[in-house]
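Source: prediction; values computed, not measured. Reckoned from all heavy atoms, side chains included, excluding hydrogens, waters and symmetry mates.
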Amino acid sequence: ATLAVLGSLNVDAQLYALVFGESVLNDAVAIVLFQTFDALPSEATHFHVSSAQVFSALSSFVAIGLGSVFFGVVFGLASAVLTKRLILKVAA
């Protein structure tokens, strides 16, 4: 809803990109947290989480987060280089 309002108001492109990026990041964090908690054992009568499971969940969360940032940077740089080369070919 926020993105629709910002789009209809024709706000600055940088503000729109920041709000869009923040919403994507929130969605990604929610998905990773859900998967992390879903992987924990669930027993109806007793719920116990060991320190190994906590470490595993935290390391999984950090690994997925850093991996996502890594892939974002790699694909962002690759698309920037590709775009630059294509624009230079068209201009020549």
Inset, instruction - Output the rest of the hydrophobic cluster of L82: all Ile, Leu, Val, Met, Phe, Trp and Tyr residues reachable through side-chain heavy-atom contacts under 4.5 Å, sorted by chain and number. - result: L86
Legend entry - ILVMFWY cluster membership beyond V62 - transitive side-chain contacts under 4.5 angstrom: L66
Below 3.5 Å, can you tabulate the donor-acceptor pairs from side chains in residues 22-33 to any protein atom, sequence neighbours excluded?
residue : atom : partner : partner atom : Å
E22     : OE2  : N26     : ND2          : 2.5
S23     : OG   : F20     : O            : 2.7

Legend entry - L9-V19 co-clustered via ILVMFWY side chain contacts under 4.5 Å: yes
Inset, instruction - Using the side-chain hydrogen bond (donor to acceptor under 3.5 Å, both in side chains) rule, collect all pairs that involve residues 57-75, keeping only residues at least two apart or in two chains. - result: none
Inset, instruction - Show which residues join V73 in its hydrophobic cluster (side-chain heavy-atom contacts under 4.5 Å, direct or indirect), or state none. - result: V69, L77
Legend entry - Other ILVMFWY residues reachable from F55 by side-chain steps of under 4.5 Å: none
